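Everything numeric in this text was worked out from a predicted model, so none of it was measured. Throughout, a chain's letter reflects where its sequence line sits, starting with A, and its residues are numbered from 1.
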Amino acid sequence: MLRLTATTYEELRVHGEVTYPHECCGVLLGRSEDGVNTVEAAVRAGNTRTDSAHNRYNIAPQELVKIQRQGREQGWDIVGFYHSHPDHPAQWSSTDLAEAHWLGCSYVITAVARGAAKKTNSFLLTGASEEDKALVTEEIVVQDQVPLAAEEAQERLRSVTA
Amino acid sequence: MKIHIPTPLRVYTGNQDTVVVEAKTVGDALQQLTGQHPDLKKHLYTEEGKLRSFVNVYLNDEDVRYLPEKETTVVTDADALSIIPSIAGGD
């Protein structure tokens with residue numbers, strides 16, 4: 001299961017619209033516990049596949065090292081990655097599986113049609129090694145968030161009515 | 001020096017996210033890592049003993065493959081190695 005806030009969910013979907021018609025990509029930082037990958041932050045990354053950015057993505061390892069370091073400072077691990085499929089379904093491809101190496105991590109794919117984010121799916125990379133790995137559909141749980149402004153408004157209302 | 005272990009490989013390091021070794025070179029550090037945690041070896045190296053193509057090893061912010069001395073680069077306790085499997089794909 002992949003758990004993330006509505007804000008983070010929206011951020012990674014919007015990223016795919018911003019980079020359209022090219023693929024976007026990014027890293028999901030958070031915690032992994034009992035089969036649940038909980039995302040605390042989605043970090044945008046550059047797509048180095050400028051030769052074929054409409055249907056390929058690659059995150060520079062050097063950027064990953066930096067993002068991993070940022071996460072460590074917050075007590076977060078890399079728990080997944082996201083990318084977009086411009087004008088293509090939100091399903092993993094043979095390329096996605098062949099180039100997925102982070103077992104136990106979530107691979108989130110958003111279909112972007114004519115510049116608008118459509119379906120978002122998440123796939124858990126299961127298996128014990130490269131030889132038996134598989135991408136398996138997992139549930140995405142988007143947690144409701146009370147906007148800060150609404151919280152403040154409620155607090156003020158309480159102080160007024162008290 | 002510290003060696004940072006990526007999430008998928010921590011199952012082979014007893015869930016440690018960082019392994020500390022005393023090493024003089026990058027190669028020495030990796031050898032000590034796989035010596036302490038032998039199950040890691042087949043996930044990092046091919047049967048021919050070469051680093052798997054998708055496994056990147058960074059000394060601080062430098063890719064070891066592109067360092068002039070590569071795995072014989074001298075290290076100190078203040079350095080850190082990061083093992084980073086690659087991230088790529090597409091439709």
Legend entry - Electrostatic pair B:Arg52-A:Glu131, nearest N-O below 4.0 angstrom: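 Salt bridge: yes.
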Legend entry - B:Thr7, part contacting chain A, at a heavy-atom distance under 4.5 Å: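 B:Thr7 touches chain A through backbone and side-chain heavy atoms alike.
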Legend entry - Toward chain A, the part of B:Asp63 with a non-hydrogen atom under 4.5 Å: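 For B:Asp63, neither part sits under 4.5 Å from chain A.
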Checking heavy atoms, do the side chain of [X], its backbone, both or neither come under 4.5 Å from chain B?
X	value
A:Tyr57	both
A:Glu23	side chain
A:His101	both
A:Glu63	neither
A:Arg69	side chain

Legend entry - chain B contacts, top residue of A:Ser129, A:Ala98, A:Pro61, A:Gly104 (heavy-atom pairs, under 4.5 Å):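 Between A:Ser129, A:Ala98, A:Pro61, A:Gly104, the count favours A:Pro61.
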Inset, instruction - Considering only heavy atoms and a distance below 4.5 Å, find which of A:Asp77, A:Asn47, A:Ile78, A:Leu97 pairs most often with chain B. - result: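 Most pairs with chain B among the choices: A:Asp77.
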Inset, instruction - Would you mind reporting whether A:Leu28 and A:Leu12 have side-chain heavy atoms less than 4.5 Å apart? - result: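 Counting from C-beta outward, A:Leu12 and A:Leu28 do come under 4.5 Å.
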Legend entry - Heavy-atom check, side chain of B:Leu51 versus side chain of B:Tyr45, under 4.5 Å: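 Side chain of B:Leu51 against side chain of B:Tyr45, heavy atoms only: contact under 4.5 Å found.
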Inset, instruction - For B:Asp91 and A:Ser93, test the side chains for any donor-to-acceptor distance below 3.5 angstrom and give the result as yes or no. - result: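 The criterion, which ignores hydrogens and geometry beyond distance, is not satisfied for A:Ser93 and B:Asp91.
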Legend entry - Modelled atom types, side-chain donor and acceptor of B:Ser82 and A:Gln68, under 3.5 Å: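 Note: B:Ser82 and A:Gln68 side chains miss the donor-acceptor criterion.
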Inset, instruction - Check the surroundings of atom NZ in A:Lys133: do more than 12 heavy atoms from other residues, nucleotides or ligands lie under 6.0 Å from it? - result: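 Yes.
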Inset, instruction - Tell me, with the steps shown, if A:Asp51 and A:Arg49 meet salt bridge (Lys or Arg N to Asp or Glu O under 4.0 Å). - result: CA-CA 5 Å; A:Asp51 58 316; A:Arg49 285 298 301 270; 2.9 Å; yes
